[in-house]
Amino acid sequence: MKATVPPAKRRRGPRLAVLALVFCSLLVPIAFLFNRFPAVYVTDERPEQEVNLPSFDRIGVETHSGVDREKQQGGSDVKPEKQDALEKIPSIDTVPSRVIRKPEVLPPPKIKKPKPLPIPDPVEHKKTVNKRPPRVPSADELEKAKACQLEFGSYCLWSIEHKEVMKDAIVKRLKDQLFVARSYYPSIAKLKGKETLTRELKQNIQEHERVLSESIVDADLPSFIKKKIEKMDRAIARAKSCTVDCINVDKKLRQILHMTDDEAHFHMKQSAYLYNLGVHTMPKSHHCLNMRLTVEYFKSATLDLDDSPVHNFNVPDHRHYVILSKNVLAASVVINSSVSSSEETRNVVFHVLTDAQNFYAMKHWFLRNAYRESAVHVINYEHLILENLPEFSMQQLYMPEEFRVFISSFERPTEKSRMEYLSVFSHSHFFIPEIFKDLKKVIVLDDDVIVQRDLSFLWNLDMGDKVNAAVRFCGLRMGQLRNLLGEEATYDPQSCAWMSGLNVINLEKWREYNVTENYLQLLDKFRSNDDEASLRAAALPISLLSFQNLIYPLNERLTLSGLGYHYGIEEEIIRTSTSLHYNGNMKPWLELGIPNYRKYWKRFLARDERFMDECNVSP
């Protein structure tokens, strides 16, 4: 009789090594992507208590500035010896590599508190509550939601809204059987006289794995699946009847649970990577539109014409709006919504500051499209700074910076932490008085804002000695950022932060108080080097300190924020708001924008535009 040779055991080492290499290769782009968002973790505790500002290496960072809306940028690793320094500052894209020095701010003027701004259209301001029936989340759910938002940001909000309930009950049952069989198999294999049951369990496990590898929904399962389920049930019942060490079974079950959690977290990282890639990449149709407009500008017979016949864009008595944008459609929607909501547009001028790459596309768009009697002045910001203000090193156009802020309460620890997006001025905003030297007052609009009411009353606003009229954000107070602002800085710990989006700027007072000079001094103290990460990391403290005691508080009803991340805003509040601010990750011009809010933005898109049709930009 010929002796049978037992099959050689498969070496699992090479397979595990290959799997490890594949896993590491997938982590590399994820590490680059999530090293992006400036995030600050604060609490509403008293000013004398310590504030926990998280380090950059454990928080996915999101920014919406300049190229970030068009492409994805990478990050860098953080060395252990620099961790203490990074714990004290919020970061943008990549964290500065040195500790920021304590700033010395020029003493702000002592000014009497101004009267609050009256709103001509009084509407009762309601709290933004979700229409869904309230459900009290458990402590475990709160902790998981907090950890998810710290790591992935607004992706967690998006994934909750788009969560799909598993309806394939048979597939779920197969997976449950597989987990139980795997937990019993090692203990049964050690028992003497149970070789037949061991082989049966092993065979059933292999058959279940094969079926699940080919089928992910009930419709894909083979017709004989019920027999396999019954067969597995009998094998599991026999295994449970055996006397086994419960500790070993428990350990195996916990091991499987941890492996499943790791696999779920890995897939969540993959999904979050694709989500962030979608929200930070310019849509293909928008890129096509920019290219077509640029090419057409140089081919057009109107090349020699200026924006309008001998138009003086710097008449101080006119109403001047300033918009910083690199997105043609976004800028056009801001202007169209403002004009559509205004009763008088004869002396209205919109100044669009853009970069060299988008300048000709912007110029040609506004040559083709008229907005009632208003004038649109497109400015190449980078060329203007280089030619007329060479002493300033900030030649690149920076968009308004947005910071992810996490707010929790020590007094109510079971209450869910809130994630908010705080938008502030970028470095480019501080050169507006130098660009418009003949103007006395301007209204600055972000390009993710739409206007639904007439803003003409703002031009009659008496700001007193204030410089910047803005909506305050009292969820974050200066005292909570003392580790960021520095001990030597002069500020009121109880004063609120403020939001960009819709700001009235008194340029005369700006020049009188030397705000730009103060900004340059703070910039030298806050940035650790000349790279872009350090510059953008300094935007939050510089914006808050530069306008200390110079903020005129606008009524909160003037701007409704959060339409780029908050799913629970009531439609009635949106319709009655003076302006809407889509701050956050899910911008309205993206497919990932919140559908219920996108319709308010899309109604101001241009209609019957040839280039939009050619590039499949759907209004």
- Query: Do D454 and S456 have a side chain donor and acceptor closer than 3.5 Å?
  - Reply: yes
- Task: Classify the angle between the aromatic ring planes of Y321 and W459 as parallel (below 30°), tilted (30 to 60°) or perpendicular (above 60°).
- Result: perpendicular
- State whether the side chain of S271 and the backbone N or O of H267 hold a donor-acceptor pair below 3.5 Å, judged by distance alone. no
- Message: Ring-plane angle category for H351 and F313, please: parallel below 30°, perpendicular beyond 60°, tilted otherwise.
- Response: perpendicular
- Message: Can a donor-acceptor pair be found, under 3.5 Å and without considering hydrogens, that links the side chain of Q452 to the backbone of S577?
- Response: yes
- Do the side chains of V348 and E373 get nearer than 4.5 Å, heavy atoms only? no
- Hey, are the side chains of M478 and L545 touching, using non-hydrogen atoms and a 4.5 Å cut-off? yes
- Item | Smallest separation among heavy atoms of R372 and V339, with atom names | NH1-O, 2.8 Å
- Item | Check: H364 side chain, Y360 main-chain N or O, donor-acceptor pair, under 3.5 Å | no
- Message: Are the side chains of Y297 and L367 in contact, using a 4.5 Å heavy-atom criterion?
- Response: yes
- Note on the structure: The single option from V424, L481, L484 that satisfies side chain to side chain contact (heavy atoms under 4.5 Å, CB included) with P541 is L484
- For residues S579 and T559, is any side-chain donor paired with an opposing acceptor at under 3.5 Å? yes
- Task: Walk me through it: do H280 and N585 pass the test side chain to side chain contact (heavy atoms under 4.5 Å, CB included)?
- Result: CA-CA 8 Å; H280 290 112; N585 227 0; 3.6 Å; yes
- Message: Between S500 and D446, do the side chains contain a donor N or O and an acceptor N or O under 3.5 Å apart?
- Response: yes
- Task: Please list, chain by chain and in numerical order, all residues satisfying side chain to side chain contact (heavy atoms under 4.5 Å, CB included) with L592, sequence neighbours excluded.
- Result: W158, Y275, V279
- Task: Could you check V449 against Y582 for side chain to side chain contact (heavy atoms under 4.5 Å, CB included), going step by step and ending with a plain yes or no?
- Result: CA-CA 6 Å; V449 169; Y582 290 83; over 6 Å; no
- Task: Give a yes or no on whether the backbone of G584 and the side-chain of E402 come within a donor-acceptor separation of less than 3.5 Å.
- Result: yes
- Note on the structure: Heavy-atom nearest pair, S285 first then C615, reads CB-O, 3.1 Å
- Would you please test M291 and F611 for side chain to side chain contact (heavy atoms under 4.5 Å, CB included) and show each step? CA-CA 10 Å; M291 296 299 101; F611 295 123; over 6 Å; no
- Is there a side-chain contact between L502 and L458 (heavy atoms, below 4.5 Å)? yes
- For V322 against L324, the heavy-atom pair lying closest together: CG1-CD1, 4.0 Å
- Does the side chain of R368 come within less than 4.5 Å of K363's, by heavy atoms? no
- Query: In terms of ring plane angle, is the pair Y371 and F366 parallel, tilted or perpendicular, where the classes change at 30° and 60°?
  - Reply: tilted
- Taking N503 for its side chain and G501 for its backbone only, find out whether a donor-acceptor pair lies under 3.5 Å. yes
- Consider only side-chain N and O atoms of Y565 and E420, and report whether a donor and an acceptor are under 3.5 Å apart. yes
- Query: Strictly under 6.0 Å, is that where the ring centroids of F473 and W498 end up?
  - Reply: no
- Query: For D608, does the CG atom have more than 12 heavy-atom neighbours from other residues, nucleotides or ligands under 6.0 Å away?
  - Reply: no
- Message: Quick one about H429 and Y398 (side-chain donor to acceptor, distance below 3.5 Å, no hydrogens or angles considered), yes or no?
- Response: no
- Is the count of non-hydrogen atoms from other residues, nucleotides or ligands lying under 6.0 Å from H287 atom NE2 greater than 12? no
- Would you mind reporting whether T576 and E572 have side-chain heavy atoms less than 4.5 Å apart? yes
- Task: Using distance alone, with no hydrogens and no angle criterion, decide if N380 and D355 have a side-chain donor and acceptor under 3.5 Å apart.
- Result: no
- Message: Would the distance check show the side chain of N276 and the main-chain N or O of A272 forming a donor-acceptor pair, the cut-off being under 3.5 Å?
- Response: yes
- Interatomic distance, Y597 atom OH to L580 atom CG [nearest 0.5 angstrom]: 10.5 Å
- Message: Within this structure, what is the OG1-CE distance for the pair T354 and M399, rounded to the nearest 0.5 Å?
- Response: 8.0 Å
- Interatomic distance, L274 atom CG to K269 atom NZ [nearest 0.5 angstrom]: 14.0 Å
- When every non-hydrogen atom of F350 is compared with those of I323, the smallest separation belongs to CD2-CD1, 4.2 Å
- Message: Quick one: does any side-chain atom of S341 pair with a main-chain N or O of V451 as donor and acceptor, under 3.5 Å?
- Response: yes
- Query: Are the side chain of N369 and the backbone of W365 linked by a donor-acceptor contact shorter than 3.5 Å?
  - Reply: yes
- Query: Any idea which heavy atoms bring H427 and I542 closest together, and the distance?
  - Reply: CE1-CD1, 4.4 Å
- Distance col, row I551:CD1 vs R472:CZ, nearest 0.5 angstrom, shows 10.0 Å
- Query: Is there side-chain contact between I432 and F436, with at least one heavy-atom pair below 4.5 Å?
  - Reply: yes
- Item | Check: R292 side chain, A361 main-chain N or O, donor-acceptor pair, under 3.5 Å | no
- Query: Do S543 side-chain atoms and F425 backbone N/O form a donor-acceptor pair below 3.5 Å?
  - Reply: yes
- Message: Quick check for you: to the nearest 0.5 Å, what is the distance between D168 atom CG and I216 atom CD1?
- Response: 8.5 Å
- Applying side chain to side chain contact (heavy atoms under 4.5 Å, CB included) between W589 and each of L329, L605, D448, report the one that passes. D448
- Message: Walk me through whether V352 and I379 qualify under side chain to side chain contact (heavy atoms under 4.5 Å, CB included).
- Response: CA-CA 6 Å; V352 181; I379 301 173; over 6 Å; no
- Note, K441 side chain near R319 side chain (heavy atom, < 4.5 Å): no
- Note on the structure: Between R453 and R575 the two heavy atoms that sit nearest each other are NH2-O, 3.2 Å
- Query: For the atom pair SG (C496) and CG (L476), what is the distance rounded to the nearest 0.5 Å?
  - Reply: 9.0 Å
